[in-house]
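Chain naming here is simple, since letters A, B, ... match the order of the sequence lines and numbering starts at 1 in each.
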Protein chains: 4
Amino acid sequence: MVSGSNKMAEIMAAAIQLFKDKGYHATSMQDIADAVGLQKGSLYHYISSKEDLLILIIREALAQYISNLEEIARSNLPPRDKFAEAVRHHLKGIATNLGMLTVFLREAHALTPEQRAIVDRETRRYNELVEGIYQEGVAQGVFRPLNPKLVCRTVLGACNWFYRWYRPDGPLSLEEMADFFVDVLFRGIEARPAASETAPPGSGGQSAAGGSDTSAGA
Amino acid sequence: MVSGSNKMAEIMAAAIQLFKDKGYHATSMQDIADAVGLQKGSLYHYISSKEDLLILIIREALAQYISNLEEIARSNLPPRDKFAEAVRHHLKGIATNLGMLTVFLREAHALTPEQRAIVDRETRRYNELVEGIYQEGVAQGVFRPLNPKLVCRTVLGACNWFYRWYRPDGPLSLEEMADFFVDVLFRGIEARPAASETAPPGSGGQSAAGGSDTSAGA
Amino acid sequence: MVSGSNKMAEIMAAAIQLFKDKGYHATSMQDIADAVGLQKGSLYHYISSKEDLLILIIREALAQYISNLEEIARSNLPPRDKFAEAVRHHLKGIATNLGMLTVFLREAHALTPEQRAIVDRETRRYNELVEGIYQEGVAQGVFRPLNPKLVCRTVLGACNWFYRWYRPDGPLSLEEMADFFVDVLFRGIEARPAASETAPPGSGGQSAAGGSDTSAGA
Amino acid sequence: MVSGSNKMAEIMAAAIQLFKDKGYHATSMQDIADAVGLQKGSLYHYISSKEDLLILIIREALAQYISNLEEIARSNLPPRDKFAEAVRHHLKGIATNLGMLTVFLREAHALTPEQRAIVDRETRRYNELVEGIYQEGVAQGVFRPLNPKLVCRTVLGACNWFYRWYRPDGPLSLEEMADFFVDVLFRGIEARPAASETAPPGSGGQSAAGGSDTSAGA
DNA sequence: TATGAATGAGAGTTCATTCAT
DNA sequence: AATGAATGAACTCTCATTCAT
C-alpha cells in the first residue's frame, strides 16, 4: 500500500469520478483499473480494499471541510460574517470538489458500521461548529434565539442539497448562488429584519441549472 | 405478475424497509424473500425484477407527493398559506413515509437511464409546482422577486435533507419542526420583514434528533 | 443448503476423492463442480463454503470412528479382545473409507481454529477410549503397566500411518494386515510373553504394498 | 540464486517455521518475505520458486535422515542395537528438527509429480535400510520372521506419528520416550519373549504431551 | 402460487512470479 | 542484492434470474 505516489492519486481521482457517476456499488474494481490502465489486481498495491478507497475519499472530503470551517470559527469575524463565510465555504467546497463531496454525501451509508461511526463523529463535529457560530450570534443579539440544532440542520440541509443540482456550466456563477444562499438563509435567522430593500442578489437570473437531474426538488 | 394482492404489499413493505436500512445494492432478493417468508424464486411471481421493485417504490413515493402538492397548488389559499402548506406537506410526507422517501431520495440514481428520465420528469414537475406557488406570491407582492429556481432549490433542499436526520422518536414533534421550517424559510423569501417579534416556534427545544446519523450537516 | 439429497452425496464424494488426490488447497471449487457436472456457483446450494465441505467430511469420518469404538469399549469382551477389536476397527475404518480418512488425517490442520478445536476434542475422546481399554487390561493384569498416553500414541500412530501406504490392490488382504498389527502391537504391551511360538500371521508374504508412495517410512 | 549465504539460511528457517505453523499452501511468499525483512520480489534472488523452497526443505530433511541411518546400518552393532539405534535416531531427528520434519511428513504431497518421485525414491531407500536391519536380525535369530515390509511400516508408522504429538516442553524427556518406543516395538518383533520383567521405561509418567493436537490418535 | 435446483456472469481479492531500475 | 510496480491467472463466493415441477 503506497500513499503518496502518482498512481495513487490517479486511482483516487478515477474512483471519485466513477463513484460519482455510477455509484459506489455499481462501480467495479475492473472499472477503476481500466480507468487508470492497470490490471484490477494491481490496484491492491495501492489500496487494501474497495471500501478502503471509499473511506479514503470520504475522509479527505471531511478533512478539508472541517479544517476550513474551524479556521472560520476561530477567526475574529463578527458572527454574521462567520455565518456567511461558513455558508459560502460549504457551497464552494461542494462546487470545487463535486465528485468527492457527492461520494461523501451519497455513499457514506455504504461504509461498515465502524467506519460510519468515525464519519458520523466528524460530521457531528462539523455541525457543532456551525451551531457554535449561530449561538455566538444569538449571544450577541444578531440572531434570533431558535433551536440551534434545527437551525443548523435547516441551513446545512439547504447547502448540502447543492450537490444534487449544482452544475459547473450552469447560468449562474458560484458567487451569485452563494450570495443568494447567504441572503435567504440569513433573513431566516437574523434578529432584526433586513433594513436594506435594495435588489437582492440573484434576483434577475432564471435557472441555476439545467434541471435535468433526478432528484433535485422532490 | 400480480399487483393488488396482499403478498405484493408485503413484498413492497419489506423492500422499502430493507432498501432503507441496507441500501438498494446491499439488499439481495434473498433478503427480501426471507423477510416475506418466500423462496427468492417465488418473488418473480409478483415482480419482474429487482429494479422493478425500486421503480415501484419510487413511483409510488412520487405519485403521493405530487398529487397532494397539485391539490395545494390548485386550492384557493393565498400564496403564503399555499407555500406554508407545501412545506408542511413535504415534511409530513417524509416523516410518514420515511422508508419510501429515503429510498426515493437516496437510491434513485441506481435506476437505469430510462427509468431515471421518467423520475426526473416527475421531479421537475414537482419543482415547477413549488416555483409556481412562489411566483404567484411574487406577483401578489407577498414574496420578494428572486430567481424562482434558486428559491425552490433552497427551500426544497432544506426540506429534503429532513429524511437524513428525522427520527420519529426525537424530542420535537413533527408539528414543531414543520412550524420551524415554515417560519425560517418564509422569512427568507417574504417581501416585508416579519412584523411579529414574538417567540418563534421551536425556539426552546434542544435537539431535533439524536444526531447520530452519518450525513446530516457536513 | 440441502443435506440429504443425492447431489449433496455426489458433491461430498467428489470432494473426498479430490481432496485425497490433490489435497484440500490444491482442489478448486471448479474441480468439484466439474466432477459433479454443475456450475461452481451452484455448489453453494448445498454447502456454504469450501471449508464447510472439509468440515462435513472430517466430522463424518470422526463420527463413524468414534461411535464404533464406543461400542467396542462398552462391550463385555475381555480387554485383550477389546484392544484387538479397536486395532482392527481402526485399520478397517481407514481401508474402507480411505478417502475420508485421508482427508481427515492429512487436512485437518487446514481448518479454522474454531473448527480445529472441535475436531481436537473429538480426537481426544477417541484417544481416551483407547487408553481406557488399555487401562482396563492393566487393571486385570493383562497388559503391562506403562504410561497409557504413550501406549495409545504408539499404537494409534502405527495404525494411523496405515492411510499413507494402504492400497486396496496390495498383495496382502486387510485381514492379514490387521492380524499382523494386532499380533505385533499386542506383544509390545501384554503382561506375559506370548507362549505360542507358532508362525505369526503375515510371516510369509513379501510386500504389503507397492511402496510407491512418498511418505511411507521416513 | 545463491545457496550458501546467510540470507538463504534465514529464508529456509522462516519457511520451515511458517510451513509448519500455517501449512505450505496457506503460507504466502509475502509471509516469508516479512519474516526475513525482504520484499517478496527479493526472495527470488535466493530461490527460484515457492516449490523450490519446499523441495529444499524436504531434501535436507531426508538427507540428514538417511545419512545417519546409513551409518547405523553400516556399523558393527548387533541387530538389536542397530534396530534400537534406528528408532532412537528417528525420534531424535523428529524432535530436533520438528519444523523440517513436519513439513516433510505433512506437505510432501504438495510437490509436483517429478519431485515427489525423487522424494519417494529416497523414502523407499530409508525403508529398505530399516528392513535390512530387521532382516539381519531375523537371519541371526534375534527377530521373528515376519513380513519385513509390514514390520517396517508398523515401526516407522508409530515413529513418524511422533511429529504430530511431540512437544519439546512435554512432561517426558525425549530419552524416556525413545526408551519406551524401543521397548514396546522391540517386544513386538523379537524372537524370544523378554526375559526381564523389570519395570519398563516410561511406566510411571502420565502424559507424554499436552494432547491438544488435532490429529493424534484417531 | 410456490418451489428450489440450476445458471452464468461477475464480483472482490490473492498470489507467485517477473523485471526495469 | 534489493526494490516495488505490475502482471495475469486463479480463487472463493454472490446474486439476479429462469424454469420444470
Side-chain angles (χ1 to χ4, degrees), chain A residues 1-2 5-8 11 24-33 36-53, chain B residues 1-2 5-8 24-33 36-54, chain C residues 1-2 5-8 11 24-33 36-53, chain D residues 1-2 5-8 24-33 36-54:
Chain A
M1 257 120 300
V2 178
S5 76
N6 236 11
K7 267 275 186 276
M8 184 61 190
I11 291 168
Y24 173 72
H25 281 109
T27 299
S28 70
M29 294 306 277
Q30 190 60 257
D31 291 334
I32 299 172
V36 297
L38 249 58
Q39 295 300 114
K40 64 180 169 172
S42 307
L43 294 175
Y44 290 82
H45 266 285
Y46 299 93
I47 55 162
S48 58
S49 70
K50 190 186 175 189
E51 204 207 353
D52 187 43
L53 213 34
Chain B
M1 245 118 317
V2 178
S5 77
N6 233 12
K7 270 274 185 265
M8 183 61 191
Y24 173 71
H25 280 110
T27 299
S28 69
M29 294 302 278
Q30 189 61 256
D31 291 333
I32 299 171
V36 297
L38 249 52
Q39 293 306 112
K40 64 179 166 176
S42 309
L43 293 175
Y44 290 84
H45 284 286
Y46 298 93
I47 56 164
S48 58
S49 72
K50 191 185 174 189
E51 205 205 354
D52 188 41
L53 212 35
L54 182 57
Chain C
M1 258 121 300
V2 178
S5 76
N6 236 11
K7 266 276 185 279
M8 183 62 191
I11 291 169
Y24 174 71
H25 280 110
T27 299
S28 70
M29 294 305 279
Q30 190 61 258
D31 291 334
I32 299 171
V36 297
L38 279 162
Q39 294 301 112
K40 64 184 166 169
S42 307
L43 294 175
Y44 291 82
H45 267 287
Y46 299 93
I47 55 162
S48 57
S49 70
K50 191 185 173 188
E51 205 205 352
D52 187 42
L53 213 35
Chain D
M1 244 116 323
V2 178
S5 77
N6 233 11
K7 270 273 185 264
M8 184 61 191
Y24 173 71
H25 279 109
T27 299
S28 69
M29 294 302 279
Q30 190 62 256
D31 291 334
I32 298 170
V36 297
L38 248 51
Q39 293 306 113
K40 65 179 165 175
S42 308
L43 293 175
Y44 289 84
H45 283 287
Y46 299 93
I47 55 164
S48 58
S49 71
K50 190 184 173 188
E51 205 205 354
D52 187 42
L53 254 185
L54 183 57

By side-chain hydrogen bond (donor to acceptor under 3.5 Å, both in side chains), which residues pair with [X], not counting sequence neighbours?
X	result
Q30(B)	none
S28(C)	D31(C)
Q39(D)	none

Could you state the atom-to-atom distance from [atom1] of [X] to [atom2] of [N] in whole Å?
X	N	atom1	atom2	value
N6(A)	dG4(F)	CG	P	17 Å
Y46(A)	dA6(F)	OH	P	4 Å
Q30(C)	dT7(E)	CD	C1'	13 Å
E51(A)	dG12(E)	CD	P	13 Å
H25(A)	dA16(F)	NE2	C1'	15 Å
D52(D)	dA16(E)	CG	C1'	13 Å
D31(C)	dT12(F)	CG	C1'	13 Å
Y44(B)	dA5(E)	OH	P	17 Å

Closest-nucleotide 5' rank along DNA chain E - winner of M29(D) and K50(A):
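Closest to the 5' end, via its nearest nucleotide, is K50(A).
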Using salt bridge (charged side-chain N to carboxylate O under 4.0 Å, His left out) as the criterion, list what pairs up with K7(C), not counting sequence neighbours.
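Here the qualifying residues are E10(C).
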Mind checking the [atom1]-[atom2] spacing from [X] to [Y]? Nearest 0.5 Å is all I need.
X	Y	atom1	atom2	value
L54(B)	E51(B)	CG	CD	6.5 Å
L53(C)	Y46(C)	CG	OH	13.0 Å
I11(C)	I32(C)	CD1	CD1	8.5 Å
M29(D)	S49(D)	CE	OG	7.5 Å

Could you tell me whether the side chain of Y24(B) reaches within less than 4.5 Å of the side chain of H25(A), counting heavy atoms only?
no
Polar atoms only, N or O, under 3.5 Å: list the protein pairs with nucleotides 7-10 of chain F and their distances.
| from | atom 1 | to | atom 2 | distance (Å) |
| --- | --- | --- | --- | --- |
| dT7(F) | OP2 | Q39(A) | N | 3.1 |
| dT7(F) | OP2 | S42(A) | OG | 3.1 |

Could you provide the dot-bracket string of DNA chain F, using ( ) for intrastrand pairs, [ ] for crossing pairs and | for bases paired to another strand, with Watson-Crick or G-U pairs below 3.5 Å?
.||||||||||||||||||||
